[in-house]
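Here's the structure, in structure tokens; my notes come after.
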Amino acid sequence: MKNYDKTCCFTGHRGIPNKLKPIVTKELEKEVTKLIHDGYLYFGTGGALGFDTLAAKTIIKLRKKNPQIKLILVLPCKTQSMLWSIENKAIYEQIKLEADKIVYISENYTDDCMLERNRHLVNSSSVCIAYLTKSSGGTAYTVEYAKSCKCDVINIAAHII
């Protein structure tokens, strides 16, 4: 069995309506808990605002009961948070401190570092948990890419909306 057989990645929109965040978080916990029970050990996220942040926080929370699981951050570049608010930077830095591994795609931002980050996450996984509500953009592309790579996709937005 290869490592990616027990690896899950996440992809989702940056903007999640505040009223949906508790529901999205609950669905996320439910799906991740199922995967942990199925033997998944590694959980990779891209470190973006929105769904990636919820996913990372979920893994950190569930790791308290399941110390065998690992949070892997696959970040597009070292300057990803440069234009973020002080509050979002603080959350991001805390998540980085609690990550088990950090992979940087690029030193600085490039035109394709986000795409490469998303492909790296999918190529290293057998399951992709998504929060996808629209048919265009980076999340839609990543979900289609995951399907083309025979990666199982669980769209938790389908359970909510």
Side-chain angles (χ1 to χ4, degrees), residues 7-38 40 42-66 69-77 79-99 102 105 109 111-122 124-149 151-161:
T7 301
C8 169
C9 67
F10 301 93
T11 187
H13 305 303
R14 287 179 180 84
I16 301 172
N18 283 333
K19 66 180 182 174
L20 290 182
K21 282 183 184 175
I23 301 165
V24 171
T25 300
K26 184 178 176 186
E27 285 296 317
L28 196 50
E29 283 185 27
K30 185 173 83 173
E31 293 299 335
V32 170
T33 298
K34 284 183 199 174
L35 291 175
I36 292 168
H37 287 137
D38 288 344
Y40 278 74
Y42 308 102
F43 295 87
T45 186
L49 297 172
F51 187 71
D52 281 2
T53 299
L54 286 181
K57 287 179 171 184
T58 298
I59 299 307
I60 291 165
K61 177 184 176 184
L62 293 175
R63 192 172 55 192
K64 291 177 178 137
K65 291 182 189 172
N66 305 279
I69 67 171
K70 306 295 182 202
L71 173 62
I72 302 163
L73 298 179
V74 179
L75 306 177
C77 59
T79 57
Q80 175 171 250
S81 65
M82 187 171 66
L83 301 176
W84 294 3
S85 70
I86 292 170
E87 179 185 355
N88 285 334
K89 281 183 187 180
I91 294 166
Y92 179 71
E93 291 303 322
Q94 185 60 43
I95 289 170
K96 283 171 48 181
L97 287 173
E98 297 196 51
I102 300 175
I105 298 300
Y109 180 83
D111 288 342
D112 64 349
C113 66
M114 302 285 191
L115 174 70
E116 291 303 316
R117 181 238 1 236
N118 295 342
R119 286 185 175 187
H120 180 96
L121 284 162
V122 168
S124 304
S125 301
S126 61
V127 171
C128 177
I129 296 178
Y131 177 73
L132 175 65
T133 62
K134 54 188 177 184
S135 59
S136 62
T139 299
Y141 171 84
T142 303
V143 166
E144 287 307 311
Y145 180 72
K147 289 176 181 176
S148 76
C149 293
C151 189
D152 291 333
V153 175
I154 301 165
N155 183 9
I156 63 172
H159 306 168
I160 298 166
I161 299 169

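Side-chain atoms are counted along with the backbone in the values below, which use heavy atoms only and exclude waters and symmetry mates.
- Annotation: side chain of Cys9 is in contact with side chain of Val122 (closest heavy-atom distance under 4.5 Å).
- Between Tyr141 and Thr11 the shortest side-chain heavy-atom distance does not fall below 4.5 Å.
- A donor-acceptor contact shorter than 3.5 Å is absent between the side chain of His120 and the backbone of Glu116.
- A distance of 11.0 Å separates CG in Leu20 from CD in Glu27, rounded to the nearest 0.5 Å.
- The distance from atom OG1 of Thr53 to atom CD1 of Ile95, rounded to the nearest 0.5 Å, is 4.5 Å.
- You'll find the side chain of Thr45 stays beyond 4.5 Å of the side chain of Val74, heavy atoms only.
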Derivation of the side-chain contact (heavy atoms from CB on, under 4.5 Å) call for Leu75 and Tyr92: CA-CA 11 Å; Leu75 306 177; Tyr92 179 71; 3.3 Å; yes
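- Side-chain atoms of Gln80 come within 3.5 Å of backbone atoms of Gly47 as a donor-acceptor pair (strictly under, hydrogens ignored).
- Taking each heavy atom of Cys128 and Cys151 in turn, the nearest pair found is N-SG, 3.8 Å.
- Of all the heavy atoms in Gly50 and Ile16, the pair that sits closest is C-CD1, 4.1 Å.
- Each of Leu62, Thr58, Leu28 was compared with Thr33 under the side chain to side chain contact (heavy atoms under 4.5 Å, CB included) criterion, and only Leu62 meets it.
- Ring planes of Tyr40 and Phe43: tilted class, angle from 30 to 60°.
- Leu121 and Gly44 get closest at one heavy-atom pair: CD2-C, 3.5 Å.
- When all heavy atoms of Arg117 and Gly46 are compared, the closest pair comes out as NH1-O, 3.0 Å.
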Criterion side-chain contact (heavy atoms from CB on, under 4.5 Å) on Ile129 and Phe51, from CA distance to verdict: CA-CA 10 Å; Ile129 296 178; Phe51 187 71; 4.2 Å; yes
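- Here the closest heavy-atom approach between residue Asp52 and residue Gly12 is recorded as OD1-N, 4.4 Å.
- Between the CD1 atom of Ile160 and the OG1 atom of Thr133 there is a distance of 10.0 Å, given to the nearest 0.5 Å.
- Rounding to the nearest 0.5 Å places NZ of Lys30 at 10.5 Å from CD1 of Ile154.
- Closest approach of Val143 and Ala130 over heavy atoms only: CG2-CB, 3.7 Å.
- In this structure, Lys57 places its NZ atom where only 12 or fewer heavy-atom neighbours from other residues, nucleotides or ligands lie under 6.0 Å away.
- Residue Lys89 qualifies as enclosed at atom NZ: its count of foreign heavy atoms under 6.0 Å is above 12.
- Between Leu115 and Tyr145, every side-chain heavy-atom pair lies at or beyond the 4.5 Å cut-off.
- Contact check for Thr139 versus Tyr131: no side-chain heavy atoms found under the 4.5 Å cut-off.
- Here the CD1 atom belonging to Ile59 is positioned 9.5 Å from the CD atom belonging to Glu29, to the nearest 0.5 angstrom.
- Side-chain contact between Glu31 and Lys34: present, with at least one pair of heavy atoms (C-beta onward) separated by less than 4.5 Å.
- Note that CD1 of Ile105 and CZ of Arg119 are 11.5 Å apart. Values are rounded to the nearest 0.5 Å.
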